[in-house]
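For this chain, numbers begin at 1 and follow the sequence in order. Both counts, for ligands and for their atoms, begin at 1 and track the order of listing.
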Amino acid sequence: MKKSDVIRAVFHSLLQEAPNKVWQPQHEKGLGFAPTNIALCKYWGKRDIELNLPMTSSLSIALPDKGALTSVSLHDQSYDRIILNDQEVVRDSAFAVRTSQFLDLFRPQKTGYLQIDIKMNIPVAAGLASSACGFASLVSALNDLFDWKLKKQSLSILARLGSGSAARSFWNGFVEWYAGVRPDGMDSFGEPLAFEWPELCVGILTMSEVEKPISSREAMQRTVNSSLLYGSWPKKVAQDLAILKQAMQVTNFPLLGGTAESNALTMHATMLSSWPPVCYFMPETIAAMHKIWKSRKEGLELYFTQDAGPNLKLLFLEQDKEQVQQLFPSVDIVKVFE
Ligand code: PMV
């Protein structure tokens, strides 16, 4: 199955009614914001590499005021001009090529190039889901510019073609992304979960803003292809998803935090057991983990999760905010339900 088949399926009714409308601006500019999301139960491994279809479902929380704001407009050059945080992106950089190839899926051949202005208030490609909010905001901005009027479920499917975890970046709060079973992935999209947890906080602990040495895409494939431990990952996910939902239902924070931490560590264990090994830990990452475990032993309800990068995301309740700040003075605290 090809990405273009999915695009055709998503735009099916629009293509019948008004075939030109897919790439015909209805305003001068299109605007889209998407929050970044942090997975409590991770997406790791694809059942379809081309369509970014995951082996398992996953569950995340959004950081409402951290993410990407993207504006798009048509321009008359024969290339896409991308501006990231007020700096023009080099045309043949990996970032620009990936973005343009994604846009090529939608537009008529060799026409309809865009000026794309992205503003992100999180570090790019350092394991803080910059590609998730980047692709989600781009798809929302296109939906606005071309007035597609697509539902969030369809936008989620489109953004997934750019980056898997982008499927979860269309909502605030808790979001589940379904693995689905269909080969075309039309049943693999994000959906918000109706739980709120006003006291829940996430602390971003940035140890490095340097781009990761190996992309999550490559690391995932290597894990799936070479780690013997990967066989137990789907079982771990099924178990953790059920426990996380139960923890939300009964507002049991240690259960939520502990399950998220254990899920992240299991994901990293599958990477460590790949060959060549994939290791996103830095000495500072490990030191921070020990600090967290020590304070937990002393009674602080503090947990962490980690993605494809050295930085940790701390999970705690608002009542412990000051203690967390004392422990990690550089932490950037976000309230999940503002
Ligand atoms: O969507 P990608 O290709 O950037 O992969 C994201 C992978 C993790 O961040 C490690 C896990 C997740 O579920 O977000």
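- Among Ser165, Cys41, Ser58, Ser60, the residue whose heavy atom lies nearest to atom 6 (C) of ligand 1 is Ser165.
- Screening residues 100-111 for side-chain hydrogen bond (donor to acceptor under 3.5 Å, both in side chains) gives Asp80-Ser100, Asp80-Arg107, Asp104-Arg107 as the qualifying pairs, with residues at least two apart or on separate chains.
- Proximity to Met220 (heavy-atom distance under 4.0 Å) selects the following atoms of ligand 1: 5 (O), 7 (C).
- For the ligand labelled ligand 1, residue Trp44 lies inside the 4.0 Å heavy-atom shell.
- Although no hydrogens or angles enter the test, the distance criterion places no donor-acceptor pair under 3.5 Å between the side chain of Ser163 and the main chain of Ala159.
- Within ligand 1, counting atoms from 1 as listed, the ones closer than 4.0 Å to a heavy atom of Ser163 are 1 (O), 2 (P), 4 (O).
- Distances between N or O atoms of Arg217 and those of ligand 1 include no value under 3.5 Å.
- Leu255 forms part of a hydrophobic cluster together with Ile243, judged by ILVMFWY side-chain heavy-atom separations under 4.5 Å.
- Close approach of ligand 1 to Ser131 (heavy-atom distance below 4.0 Å) involves ligand atoms 4 (O).
- Nearest heavy-atom pair, Ala260 versus Leu315, reported as atom, atom and distance to 0.1 Å: CB-CD1, 3.8 Å.
- Close N/O approach between Lys42 and ligand 1 is not found [any backbone or side-chain N/O within under 3.5 Å].
- Between the side chains of Thr56 and Lys236, no donor N or O sits under 3.5 Å from an acceptor N or O.
- In summary, the atoms of ligand 1 found under 4.0 Å from a heavy atom of Ala39, numbered by their order in the structure, are 12 (C), 13 (O), 14 (O).
- Below 3.5 Å of separation, one finds no N or O of Lys46 facing any N or O of ligand 1.
- Taking all atoms of both residues into account, the shortest heavy-atom contact from Leu241 to Ser57 is CD1-CB, 3.8 Å.
- Interface atoms of ligand 1 facing Gly164, defined by a heavy-atom separation under 4.0 Å, are 1 (O).
- Interface of Ala308 with ligand 1, defined as ligand atoms under 4.0 Å from a residue heavy atom, comprises 10 (C).
- Between Phe106 and Phe102, the two ring planes are perpendicular [angle over 60°; tilted spans 30° to 60°].
- Contact of the Leu114 side chain with the Leu74 side chain is registered, since non-hydrogen atoms from C-beta on lie closer than 4.5 Å.
- Ligand 1 places these atoms under 4.0 Å from at least one heavy atom of Ser216: 2 (P), 3 (O), 4 (O), 5 (O).
- Where the criterion is an N or O separation shorter than 3.5 Å, residue side chain and backbone included, Arg168 meets it with respect to ligand 1.
- Counting heavy atoms from C-beta on, the side chains of Leu51 and Lys46 never come closer than 4.5 Å.
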